[in-house]
Amino acid sequence: MINVKSVCLGELGNNCYLLTDVQSGKAALVDCTDVSEKMLSFVENADLEYILLTHGHYDHIGGVKEMKERFHAKAVISAADAPMLSSSKLSLAAFCGGVHNDTNADILVKEGDVIQLGETEIKVMETPGHTKGGVCYIADNAVFTGDTLFFCSCGRTDFPGGSFEEIKNSLHRLAALDKNYKIYPGHEAFSTLDFEKQNNPYMR
């Protein structure tokens, strides 16, 4: 069982999440926009084991390097998006005026992998479309969808590596999940899977 806390950070209104396994106290951060005072206050003294990255755009990875160093946490990302961690061009920071601090992945994940956080299993689901290597993380009754699925919308596909056909396929796979998960996206409001299946035009 996990507890989930959220914080909204940065100019683009990024949602970052702190997952804590209730039994062990082990924690994971989903996406890491920056290392602002707000972020550090949010994480506080968590026993941070992982930084789980949904994809490699600069607004989701800006604080990874320093947070890894501060907390000795492992950065987790797909192999396809891992090069974005060390390239301001691939992360789009060079084109958008964003912060980019070169770093590297510690763990590369793919479809079906499981990250063990204390007693909690966090499953990896590949959801390309916004980027080639976008993933969602599924834990308990929650899905952390990054920039794949938003409230009644979905992520942009006009950036390098984006594909509308791929994101549609990813959304259809999410729609096929077998229970009414809570949806925690990379931006904007939280939702539920049943609500999105009924109201999100991109999931039909």
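All values below were derived from every heavy atom in this structure, side-chain atoms included, with hydrogens, water molecules and symmetry-related copies excluded.
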Is a side-chain N or O of [X] found less than 3.5 angstrom from the main chain of [Y], in a donor-acceptor match?
X	Y	result
Glu121	Ala139	no
Lys197	Arg204	no
His172	Ile167	no
Lys68	Asp106	no
Ser87	Pro83	no
Asp194	Asn180	no
Asn14	Cys8	no

Is it the case that one hydrophobic cluster holds both [X] and [Y], taking links as side-chain heavy atoms less than 4.5 Å apart, direct or via other members?
X	Y	result
Leu18	Ile115	no
Tyr202	Leu193	yes
Leu117	Val109	yes
Phe195	Met203	no
Phe144	Ile107	yes

Quick one: hydrophobic cluster around Leu90, which other residues, with the 4.5 Å side-chain cut-off, linked directly or via members? Met84

Taking ILVMFWY side chains as joined if any heavy atoms are under 4.5 angstrom apart, and letting links pass through other members, which residues group with Val22? Met1

Walk me through whether Val4 and Ile2 qualify under side chain to side chain contact (heavy atoms under 4.5 Å, CB included). CA-CA 6 Å; Val4 180; Ile2 56 168; 3.8 Å; yes

Smallest separation among heavy atoms of [X] and [Y], with atom names:
X	Y	answer
Leu85	Ala105	CD1-N, 3.6 Å
Leu149	Ser153	CD1-O, 3.7 Å
Val76	Tyr137	O-OH, 3.6 Å
Asp178	Tyr181	OD1-OH, 4.0 Å
Thr20	Ala27	OG1-CB, 4.0 Å
Gly118	Ser24	CA-OG, 3.3 Å

Have [X] and [Y] got a donor and an acceptor in their side chains that come within less than 3.5 Å?
X	Y	result
Asn15	Ser6	no
Thr54	Asp31	yes
Thr148	Thr127	yes
Asp34	Ser36	yes
Glu196	Ser191	yes

Determine, step by step, whether Ser78 and Val135 satisfy the side chain to side chain contact (heavy atoms under 4.5 Å, CB included) criterion, reporting the C-alpha distance in whole Å, the side-chain angles of both residues, the deciding distance to 0.1 Å, and the verdict. CA-CA 7 Å; Ser78 70; Val135 299; 4.0 Å; yes

Is it the case that atom NZ in Lys168 sees more than 12 heavy atoms from other parts of the structure closer than 6.0 Å? yes

May I ask you to check whether over 12 heavy atoms, not counting those of Lys89, lie within 6.0 Å of atom NZ? no

Before you tell me yes or no, could you show the steps for Tyr58 and Ser88 under side chain to side chain contact (heavy atoms under 4.5 Å, CB included), namely the whole-Å CA-CA distance, both residues' side-chain angles and the distance that decides it to 0.1 Å? CA-CA 8 Å; Tyr58 74 93; Ser88 62; over 6 Å; no

Could you tell me the separation between the [atom1] atom of [X] and the [atom2] atom of [Y], rounded to the nearest 0.5 Å?
X	Y	atom1	atom2	answer
Leu19	Glu49	CG	CD	12.0 Å
Leu9	Thr33	CG	OG1	5.5 Å
Leu52	Cys32	CG	SG	11.0 Å
Asp147	Asp59	CG	CG	6.5 Å
Ser86	His100	OG	NE2	6.5 Å
Gln23	Glu119	CD	CD	5.0 Å

For Asp158, salt bridge (Lys or Arg N to Asp or Glu O under 4.0 Å) partners two or more places apart: Arg156

Applying salt bridge (Lys or Arg N to Asp or Glu O under 4.0 Å), can you list everything that pairs with Glu188, at least two apart in sequence or on another chain? none

May I have all residue pairs that pass salt bridge (charged side-chain N to carboxylate O under 4.0 Å, His left out) and include part of residues 69-78, sequence neighbours excluded? Lys65-Glu69, Glu66-Arg70

Do the side chains of [Y] and [X] get nearer than 4.5 Å, heavy atoms only?
X	Y	value
Val35	Leu40	yes
Met67	Val43	yes
Val114	Ile122	no

Evaluate the salt bridge (Lys or Arg N to Asp or Glu O under 4.0 Å) criterion for residues Arg173 and Glu111: first the C-alpha distance (whole Å), next the side-chain angles of each, then the deciding distance (0.1 Å), finally the verdict. CA-CA 12 Å; Arg173 291 188 63 226; Glu111 176 74 24; 2.8 Å; yes

Step-by-step side chain to side chain contact (heavy atoms under 4.5 Å, CB included) determination, Lys5 to Glu44: CA-CA 12 Å; Lys5 292 199 310 178; Glu44 294 185 301; 4.2 Å; yes

Any salt bridge between Asp47 and Lys26, counting N to O under 4.0 Å? yes

Do the charged groups of Asp140 and Lys182 touch, with an N to O distance under 4.0 Å? no

Are Phe151 and Phe190 close enough that their ring centers fall under 6.0 Å? no

Can you pull out every ring pair (Phe, Tyr, Trp, His ring centres under 6.0 Å) where at least one residue sits in residues 34-57? Sequence neighbours excluded, please. His55-His57, His55-His60, His55-His130, His57-His130, His57-Phe159

